[in-house]
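Scroll down for the structure; my scribbles are underneath it.
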Amino acid sequence: MKSYDHQKIEKKWQKEWAAKKTYKTLSAAAAKGKKPFYVLDMFPYPSGAGLHVGHPRGYIGSDVIARKKRMEGYNVLHPMGYDAFGLPAEQYAIANKIHPRKAVEVNVKTFEGQLGKIGFSYDWSRAVNTTDPEYYKWTQWIFLKIYNSWFDPAQNKARPIAELETIFEKQNPAWKGMSALEKQAVLMQYRLAYEGHSEVNWCPEMGTVLANDEIVDGPDGPVSERGGYPVEKRSMRQWFMRITAYGDRLIADLDGLAWPEHIKEIQRNWIGKSEGSEIDFAVHGSDAKITVFTTRADTLYGVTYVVLAPEHPLLDTLASEIKNLAEVKAYIKESRNKDEMVRTALDKPKTGVELRGISAINPINGEAVPVWIGDYVLPGYGTGAVMAVPAHDERDRQFAETYNLHTKNIPADISNKEKYTVEAGGRIVTKYKFRDAVFARQRYWGEPIPLSKDQEGLIHEVAEKKLPLELPNVKTYEPSGTGESPLASVAPWVKAGYETNTMPGWAGSSWYFLRYADPKNKKAFASEKELAYWFNEQHHGGVDVYVGGAEHATGHLLYSRFWHKVLYDYGFVPTKEPFQLLRNQGIILASDGRKMSKRWGNVINPDEIVATYGADTLRLYEMFMGPFDASLPWSTESIIGSRRFIERVWRLAEKVVNVTKGTISYEQALHKAIKKVSEDIEDFGFNTAVSAMMICLNEMEKSEHVAVSDFEKFLQLLAPFAPHVAEELWYELGGKKSIHVSGWPSYDADKLVSQEVTIVVQVNSKNRGEITVSRDTSEHEVKALALAEEKVVAQLAGQTPKKVIYVPGRLVNIVL
RNA sequence: GCCGGAAUGGCGGAAUGGUAUACGCGAUCGACUCAAAAUCGGUUGCCGAAAGGCUUGAGGGUUCGAGUCCCUCUUCCGGCACCA
């Protein structure tokens, strides 16, 4: 037989598979009863650097599953696409002085070239690209659906904003008298996508808004990571998504998902649900009241003061009453300029200033208590005001100690919290730690938000027919320096009143898994029929297997669930959740144990490995190197083991003959391998699946003959891991159609067990010998044989055993 | 600080409470070769000449039997971090 030329073989089959559309996914109509199976990878950001050898690990794992399912007869949806909007693409474009669109084109080509060489079974005809207007048309469409929704707490779901208008019209007498602009402002408080303001990190020197991770600590406060320019807080107009409305459902529905427990836990902590009470403290001698949030209403009798966040809006109202206003203002200014890291540092002593002249009335006993401001109270959580109980809260105790405030020791019992809430005239409420998501970027390279404002300030939607609202060409896509998006300097855009902010990077990735179901659809983001087929609660429930990095736990994986739920509320998608089963792939580290990075010069390019060892070797090695979700160091030294394995398979093919039983000795190993590989793939135990194949190969090599039919089964097991070489040998042996649609082998349970078993004999739990007996030897006989074993007799030295334990087929333990 | 996860040969790792170190890498000895590579075969946890003893981060416990279950602790990785 020819020698194993991986380059020739791999090129040949990649071409052949593409030509024959071997991995084509059938549409719902064409599937004709074939069951769907959806295996999804988190689509990549096509960066200029291309892939390193760690990137394909997850893709290989999911490809192994997709291939096995396809062989089992499922209609497999296994797509790939590109998430190409967002900051890195923009920065790459700026740095390389080319238009982001061009940069994306080039980078996508690089990725496709690299991915193509590894031999994935993607149906490339379904590829999506978030920057394609035909794609982001639907991102904009979904945005408008969300914009035109409010969350009805009674039904716990999204409903059209028009319904809310009708309700206001009927129930609120003031509504009719309101101007259009006033109505707009009211509705804005309910919309699931709404306009508002938020604090951003503004760098005057660079003229841009910076993300938190683009900022580092400087000697006099925060500075930009690049250049070290000072960064300050600045309020900026933004769009938001009211994700907090779904807090409850986002937590509750986690329970039914087959996700890694720690990812679910990260989401739960991030959402941070907490049940407590809102209690109103009247301000003495004023109409104002301070509403505090507490989870321990039962400690109301222990309240000795109240603390407001320095940002609390009530401070403006009360300004005239505050006797030490200058001091208070100085404190507010100081904490405003504090870097968030400094402010929330745990070891920092708590600071604050008393609002002299102000006191609050504890509703449970009418007691007047002093009111303070302190930056340990956060404006964004609860009500931005707390009642302080130094006797029962560590932070309050510290604060009280620092400022010599009174402590009242009272008994408290958490089971009384509802009773005391009612007594104090308060309300039971649920609060969440997480915030509404900012849905705007002051950047060029993102989806335009399909809204415009007329001269009176009334917001208009871009009509559905007019979508997509395409991103205009600009002279310069670099930051404007004013903090506004580059779109603000496009005259026709501004004249039309279009929103100049663009959508954030996570917009396009929050629904792409739906588009794969029907990527060419011009009338809808996907047809009802396709969605019903691929997202079917009866069948499974959406994406059957989702593979990607754990770093998306509080970003992409949360936003996608949120969008999906809004769409579900309208009946656009049939399942409550997008991703049934999630697995995280581990990171491949460089051989020096550090992350692969240009900076360390330790990056290994998969192209080189594919050229030297072959894609099959790369795939096999990446699966074999260790547990799928573990971070493992790359070792170009060890990869040779996988290459040798493939070469041995290749050579074994020569030995294959049509043979009668008798002359083969590997049967048990083969059936064990079929069982193990079948089960391990389902369970992401790829490393042990490969090892089972190695054991089987070792046995086949030792055997006098290898039967063709058995070797074919072995190739079928190998096919998901090393698809090219398996296909080549399959045809060499006379295969008529691709091995990748040839079926999946099954094992014979009877062949898993051998007639003879080796039983270990222990004396006081220490191994002393072993006996080989026929499988059906009785317990009595085995024990007798064990007691008669030479070394055992020596150990016994005439003593009578207290107890003899027999574990069938495994061991005998003689206890003295 | 809190919440997750991990710790096993020289290295990557395997092990339903039942022979710890499978499988692979490396190392080493041998065969083949003029020689080398490749390939094939043997050996390879530690101590010991052997008999035997010891060994899964440390210490305790449950059990006839623990890498696996329970308790205490150490280190490392990931997440959150004044959340009232």
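Below, chains carry the letters A, B, ... as their sequence lines are ordered, and counting in each starts from 1. Nothing here was measured: the structure is a model prediction, and the numbers come from that model.
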Mind checking the P distance from B/rA81 to B/rC64? Whole angstroms is fine. 49 Å

Atom CG of A/Asp680 to atom P of B/rA22: distance rounded to whole Å? 18 Å

Any side-chain donor-acceptor pair under 3.5 Å between A/Asp396 and A/Tyr376? yes

Nucleotide B/rC40, atom P - distance to CG of A/Asn698 in whole Å: 10 Å

When you check the glycosidic angle of B/rG9, does it come out syn, meaning within 90° of 0, or anti? syn

Does A/Asn269 get its side chain close enough to the base of B/rC80, under 3.5 Å, for a donor-acceptor pair? no

Just to be sure I understand the rule, does A/Asp396 reach a base, reach only the sugar-phosphate, or reach nothing, if contact means heavy atoms closer than 4.0 Å? nothing

Ranking B/rU19, B/rA15, B/rG12 by distance to the side chain of A/Thr688, first place goes to B/rA15

Could a donor-acceptor pair under 3.5 angstrom be found where the side chain of A/Lys350 meets the base of B/rC82? yes

What integer distance in Å separates A/Arg644:CZ from B/rA38:P? 7 Å

CD of A/Gln398 versus C1' of B/rC82: gap in Å, rounded? 8 Å

B/rG13 and B/rA22, which share atom name C1', separated by this distance in whole Å: 10 Å

Would you mind reading off the distance between A/Glu654 atom CD and B/rC40 atom P, rounded to a whole angstrom? 13 Å

